**Student:** 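Just dropping this structure here.
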Number of protein chains: 2
Amino acid sequence: MKDVNVADEVTRAAVELFAAQGYANTSVQQIVEAAGVTKGAMYHYFESKDDLLFAIYDRMLSLQKAHLDEIIARGGPTEQVLHDVCVDVIETSIDFLPEGTVFFRSMHMLTAPRQQEVTRRRREYHDEFAALIERGQQEGRYRTDIPRSVLIANFFSDVHYLSHWYSPEGPEGRGLVAEQLTDLFLSGIRATAGGVSASDDGASAAAVGGGAR
Amino acid sequence: MKDVNVADEVTRAAVELFAAQGYANTSVQQIVEAAGVTKGAMYHYFESKDDLLFAIYDRMLSLQKAHLDEIIARGGPTEQVLHDVCVDVIETSIDFLPEGTVFFRSMHMLTAPRQQEVTRRRREYHDEFAALIERGQQEGRYRTDIPRSVLIANFFSDVHYLSHWYSPEGPEGRGLVAEQLTDLFLSGIRATAGGVSASDDGASAAAVGGGAR
DNA sequence: ACGGTCATACCGACCAGACGGTATGCACCG
DNA sequence: CGGTGCATACCGTCTGGTCGGTATGACCGT
């Protein structure tokens, strides 16, 4: 099965190098050397350097979308489903930390049509996530005084940022961090007894205390 | 004052192009054309393309650090100070949205020493921010069941992510979004009434999984 | 069994061109 | 006259991609 091995080895090396040095700073020569193959072999399996990059995106997107669908299909109370979705995407992102680095850093290096494709598939994920939040809002669980798009951005930002600070060698296990970030997010969007006062007086908001149940 | 004008115009064009196409995909030729100057003029003011990129970082870092110091120097209750700091960094990031795009996307394109310099100055900001959180924790205001580094990452992620979703043309004013994100963050880190507090003796947060009750 | 044919997998020298950077020169100013 | 501010032509390097060629092996008619 040399077929699989070459393509896989190239992909592996590419992710590693792209994450470490960036897409533009990594030459095809470097990749094939790191993968232990030749340029000819690589161009036999990939149309272009861009194609190689897209393969990384494709794998990530497919994986996370599959997870999302599976969790939603499982059903259950909104809070539970949302919790599971959040934890999963964080854990998955930790499992694929180098891919994540490349993902957010090099998206603009893709050719226009592929960039659109990535955007489209990310929006699919986004929309399903948004539907979950909306469901929770209709159930009175989550606050409605802040636009839904802001609530969602607030969560995805955490996923996005992971590759900038999380280290697998650090003290925190991936499962723990996932629970913690999810908890922070859910605590933030939970509907509270009182409203939110915008401009002045940030201090008095503390008096409201938690709507923790 | 042609001196200032040329350098400024080049910087302006560079930010715009870097944000739109990425650093690596933007040639020096493109920059000088967009700025309405010649390559000779540009290389008279900047040592290299890298130098140009660093100038962008330098400006952002100086600005935000100055703001931070000013707000902290103003004093006041912890909650108020932290609130103001959060709002400010978000508003500033919105004012310099293209710079922000470049900032996070192209850091790895800087030469090693400059990358270190940027990291060093970011850490300065980070540490002052961490000190604020710690103060709030000692006052019993903020939860201690989650590592401080996670709390902080949770906030900076929002700042980081802004350039990926916020649009000045959108319905949300920059001040409003800043308040909303700040509120979400503060709601998340607030110590809950009956919840875990006191000394952090390790992983006491495991209870999160079941989702309330 | 066997020569021949064809497709697939792979090799690696080579190329066109783009890019960052420089060298040289000139105009203007104090 | 010297120095600053800039213009322009030019260069060496490096890169993505190509292309002619070879090795391997399955299949086939005889």
Side-chain angles (χ1 to χ4, degrees), chain A residues 1-58 102 105-115, chain B residues 1-58 102 105-115:
Chain A
M1 287 289 175
K2 260 299 174 71
D3 330 14
V4 183
N5 221 330
V6 168
D8 278 359
E9 208 56 28
V10 168
T11 309
R12 222 187 41 76
V15 169
E16 211 172 297
L17 287 167
F18 290 166
Q21 330 173 338
Y23 176 79
N25 284 338
T26 305
S27 68
V28 174
Q29 204 49 246
Q30 273 183 287
I31 296 171
V32 298
E33 269 164 29
V37 302
T38 63
K39 228 169 165 181
M42 193 219 104
Y43 273 98
H44 181 73
Y45 290 97
F46 298 94
E47 282 190 358
S48 59
K49 194 186 174 190
D50 177 84
D51 199 33
L52 189 49
L53 181 59
F54 183 73
I56 298 170
Y57 283 85
D58 187 47
V102 177
R105 193 193 264 164
S106 305
M107 208 166 149
H108 61 288
M109 303 302 256
L110 287 169
T111 57
R114 288 187 154 159
Q115 214 168 318
Chain B
M1 287 285 178
K2 261 291 173 75
D3 332 14
V4 182
N5 220 330
V6 168
D8 279 359
E9 209 55 29
V10 168
T11 309
R12 221 187 42 77
V15 169
E16 211 171 297
L17 288 167
F18 290 166
Q21 326 174 338
Y23 176 79
N25 285 338
T26 305
S27 69
V28 174
Q29 204 49 247
Q30 273 183 288
I31 295 171
V32 298
E33 268 164 29
V37 302
T38 63
K39 225 159 140 178
M42 193 217 102
Y43 273 97
H44 182 72
Y45 290 98
F46 297 93
E47 281 192 359
S48 60
K49 194 187 175 190
D50 177 83
D51 199 32
L52 190 49
L53 180 59
F54 183 72
I56 298 170
Y57 283 84
D58 187 46
V102 176
R105 193 193 265 163
S106 306
M107 208 165 148
H108 61 289
M109 304 302 255
L110 286 169
T111 57
R114 287 186 154 158
Q115 214 167 317

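A quick note: this is a predicted structure, and the numbers were derived from the prediction, not measured. Quick note on labels: first sequence line is chain A, next is B, and so on, each numbered from 1.
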**Student:** Could you state the CZ-P distance from B:Phe46 to C:dT22, rounded to the nearest angstrom?
**Tutor:**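 About 16 Å, once rounded to whole Å.
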**Student:** Can you see if the side chain of A:His44 gets near the phosphate of C:dC10 - specifically, an N or O under 4.0 Å from OP1 or OP2?
**Tutor:** no
**Student:** What is the separation between atom OH on B:Tyr43 and atom P on C:dG25, rounded to the nearest whole Å?
**Tutor:** 21 Å
**Student:** Quick one: B:Gln29 CD to D:dA9 P, roughly how many Å, whole number?
**Tutor:** 11 Å
**Student:** Just how far, in rounded Å, is C1' of D:dT15 from CE of A:Met42?
**Tutor:**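 Whole-Å distance recorded here is 12 Å.
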**Student:** Expressed as a whole number of angstroms, how long is the span from B:Tyr45:OH to D:dT4:P?
**Tutor:**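 For the pair B:Tyr45 OH and D:dT4 P, the rounded distance is 12 Å.
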**Student:** Contact class for A:Lys39 vs. all strands (heavy atom < 4.0 Å): base, sugar-phosphate, or nothing?
**Tutor:**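 Base contact - A:Lys39 has a heavy atom under 4.0 Å of at least one base atom.
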**Student:** By nearest atom, which of the nucleotides C:dC11, D:dT8, C:dG21 is closest to the B:Thr38 side chain?
**Tutor:** D:dT8
**Student:** Considering heavy-atom distances to DNA chain D, does A:Gly40 or A:Tyr23 have its closest nucleotide positioned more toward the 5' end?
**Tutor:**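 Residue closer to the 5' terminus by nearest nucleotide: A:Tyr23.
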**Student:** Of all the nucleotides listed (C:dG20, C:dG12, D:dC6), which has the minimum atom distance to the side chain of B:Lys49?
**Tutor:** C:dG20
**Student:** Write down the distance between CE (A:Met109) and P (D:dT15), rounded to a whole number of angstrom.
**Tutor:** 13 Å
**Student:** May I have the distance from A:Asn5 (atom CG) to C:dA9 (atom C1'), rounded to whole angstrom?
**Tutor:** 14 Å
**Student:** Just how far is it from atom CG of A:Asn25 to atom OH of B:Tyr23, taken to the nearest 0.5 Å?
**Tutor:**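 Rounded to the nearest 0.5 Å, the CG-OH separation comes to 8.5 Å.
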**Student:** Calculate, to the nearest 0.5 Å, the distance between atoms CE and NZ belonging to B:Met42 and B:Lys49 respectively.
**Tutor:** 9.5 Å
**Student:** Rounded to the Å, how far apart are B:Glu33 CD and D:dA7 C1'?
**Tutor:**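 Result: 14 Å.
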**Student:** I need the minimum non-hydrogen distance between A:Ile31 and A:Leu52, along with the two atoms involved.
**Tutor:** CD1-CD2, 4.0 Å
**Student:** Which pair of heavy atoms, one from B:Arg105 and one from B:Gly22, lies closest together, and at what distance?
**Tutor:**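 Closest approach of B:Arg105 to B:Gly22: NH1-N, 4.2 Å.
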